[in-house]
Q: 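Have a look at this one before I ask anything.
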Amino acid sequence: VDADGTRTFELTAQEGTTQFVEGVDTPTWGFDGDLLGPTLRANRGEQVAVTVRNELPEPTSVHWHGMHLPAAMDGGPHQEVAPGATWRPTWQVDQPAATLWYHPHPHGRTEEHVYRGLAGFFLLDDPQARDVGLPHTYGVDDVPVVVQDRNLERDGTLDLEGGELGVLGSLVTANGVRGAHLPVTTQRVRLRLLNGSTARTYAFGLADDREVLQVATDGGLLPAPVPTTRVQLSPGERAEVVVTMTPGETVRLRSFRPELGRIAAGFAMGAQDEFDVLELRAAAELAPSPQVAPALTTLAPLSADDATVTRSFDLQNREINGLRMDMGRVDETVQVGATEVWEVRNLDAFPHNFHVHDVQFRVADIDGAPPPPALAGAKDTIYLEPRRTYRLVMRFEDHADPDVPYMFHCHLLLHEDEGLMGQFVVV
Ligand code: C2O
Ligand code: CU
């Protein structure tokens with residue numbers, strides 16, 4: 001924190017080397033290191049300033065995924081940073097505590113930049129929020145876990161060749177480590193799960209099928225903990241879960257077969273794939289943890305009944321409403337202060353998802369039915385089963401700027417790069 005109270009960070013995108021497989025050097029990219037990036041953390045109400053340096057041989061950008069902020073600070077394709085150049089975004093954190101993340105968003109090149117390793121967590125805290133018994137000691141009982149998949153060529157370099165969805169890798173890592181384990185020293189541990197993959201959807205659960213408590217979605221805490229055995233996340237989505245451990249035990253966090261909906265050729269879309277992700281190893285003695293409170297937060301009211309505008313977004317192949325992304329075209333113009341319903345449909349027989357910059361939306365309904373409890377919180381990204389209608393309600397509070405657009409897109413990053421993206425301005 002500098003003299004005027006601004007929380008400052010520096011991030012340098014650079015080339016590096018990672019051994020995903022022992023003894024095999026894989027060229028990767030990272031922020032301030034060989035792979036991934038440091039966890040950034042700020043409080044609600046704080047002014048944040050980041051110095052982003054690009055030491056890569058090509059332009060990149062850094063997008064603050066899930067953050068409510070002015071479009072000019074958003075880090076999308078309109079804020080690319082040339083090789084050797086520096087970008088200095090600044091904004092005030094104005095949203096509830098949440099597990100957000102940052103990653104590159106250069107025009108047409110996002111998949112490769114994320115796949116090479118550029119991504120990190122951005123955690124938001126709210127000092128005013130009441131204590132609801134969630135573990136909160138970073139790295140001890142409160143642990144961010146980014147899950148990614150890759151394929152390697154025989155020579156150890158990254159295999160960039162994918163199919164309809166992009167790359168579905170068989171080398172699955174937690175925080176960049178294959179076969180990772182976490183020493184657990186407390187009765188309960190909170191995992192902040194991020195699907196940082198470019199294409200794959202995971203259905204996380206514990207190998208012995210015990211229940212965990214899901215306590216948060218993309219944009220912050222759920223109203224109440226949701227006991228569950230599966231937490232499914234498509235690319236870009238986050239969830240926080242609290243796991244209760246017994247002394248001395250070992251339990252594996254796995255990804256089970258995801259429920260992708262009525263897709264064709266499921267085996268080619270990862271529908272049959274299962275992976276071990278992380279082994280939780282409890283110490284012989286565990287320090288006591290508080291009970292998770294039965295009520296976690298009160299969500300700000302956001303109802304489809306208050307919407308004054310309804311927009312439709314049909315995703316098909318690489319187009320939204322029949323159009324591919326065009327940097328020079330603004331697709332939607334939103335009035336500042338408006339509450340809107342966005343009706344989103346996947347017209348293909350394969351997976352897509354949908355991410356909206358700047359806002360956290362609520363799922364009003366899916367094919368007219370209320371969302372399941374695990375989707376009843378603040379979201380910025382949602383999986384789209386084929387041929388269902390997702391009605392998302394969102395409010396565009398402030399940050400009007402007629403000149404700089406925000407993005408909405410499929411977060412399967414190959415699809416995004418190939419045009420499944422559009423732009424909106426808030427005026
Ligand atoms: Cu996480 Cu427009 O992206
Ligand atoms: Cu897609």
Q: Are any non-hydrogen side-chain atoms of W87 and Q79 less than 4.5 angstrom apart?
A: yes
Q: With a cut-off of 3.5 Å and sequence neighbours excluded, list every side-chain donor-acceptor pair involving residues 215-231.
A:
unit_1 : atom_1 : unit_2 : atom_2 : d
T217   : OG1    : A378   : N      : 3.3
T217   : OG1    : A378   : O      : 2.8
D218   : OD1    : R238   : N      : 2.8
D218   : OD1    : K379   : NZ     : 3.4
D218   : OD2    : K379   : NZ     : 3.1
D218   : OD2    : D380   : N      : 3.0
D218   : OD2    : T381   : N      : 3.1
T228   : OG1    : R230   : N      : 3.2
T228   : OG1    : R230   : O      : 2.9
R230   : NH1    : D209   : OD1    : 2.7
R230   : NH2    : D209   : OD1    : 3.1

Q: Taking the six-membered ring for Trp, are H355 and H65 parallel (under 30°), tilted (30 to 60°) or perpendicular (over 60°)?
A: parallel
Q: Are any non-hydrogen side-chain atoms of V50 and E10 less than 4.5 angstrom apart?
A: no
Q: Cut-off 3.5 Å, side chains only: do S197 and D149 have a donor facing an acceptor?
A: yes
Q: Could you check whether Y138 and H136 have their ring centres less than 6.0 Å apart?
A: no
Q: With ring centroids as reference points, do Y390 and F354 lie under 6.0 angstrom apart?
A: no
Q: What do you reckon, are the aromatic ring centroids of H63 and H357 less than 6.0 Å apart?
A: yes
Q: So, R262 and E385, do they make that salt bridge, N to O below 4.0 Å?
A: no
Q: Salt-bridged, R41 to D125, with N to O below 4.0 Å?
A: yes
Q: Are R44 and E46 ion-paired here, with the side-chain N under 4.0 Å from a carboxylate O?
A: no
Q: Is the W64 ring parallel, tilted or perpendicular to the Y102 ring (thresholds 30°, 60°)?
A: tilted
Q: I'd like to know if the side chain of Q14 pairs up with that of D32 as donor and acceptor (distance under 3.5 Å, no hydrogens or angles considered).
A: no
Q: Going by the angle between their ring planes, with limits at 30° and 60°, are H105 and H103 parallel, tilted or perpendicular?
A: parallel
Q: How about H68 and H399: are their ring centres within less than 6.0 Å of each other?
A: yes
Q: Could you tell me whether the side chain of L160 reaches within less than 4.5 Å of the side chain of R116, counting heavy atoms only?
A: yes
Q: Report the residue from V145, V140, D141 that forms a side-chain contact (heavy atoms from CB on, under 4.5 Å) with V143.
A: V145
Q: Just one of E112, R109, E111, H113 clears the side-chain contact (heavy atoms from CB on, under 4.5 Å) bar with L413, so which one?
A: E111
Q: Quick one, S289 with R188, criterion side-chain hydrogen bond (donor to acceptor under 3.5 Å, both in side chains). Give me CA distance, side-chain angles, the key distance, then yes/no.
A: CA-CA 6 Å; S289 299; R188 277 183 258 284; 5.0 Å; no
Q: Heavy-atom count around E153 CD within 6.0 Å, excluding the residue itself: above 12?
A: yes
Q: Please indicate whether R88 has more than 12 foreign heavy atoms, meaning atoms of other residues, nucleotides or ligands, lying under 6.0 Å from its CZ.
A: no
Q: Would F424 and F396 count as a close aromatic pair, with their ring centres under 6.0 Å?
A: yes
Q: Is there a side-chain contact between V132 and T297 (heavy atoms, below 4.5 Å)?
A: no
Q: Looking at the rings of F313 and W342, which for Trp means the six-membered one, are their centres under 6.0 Å apart?
A: yes
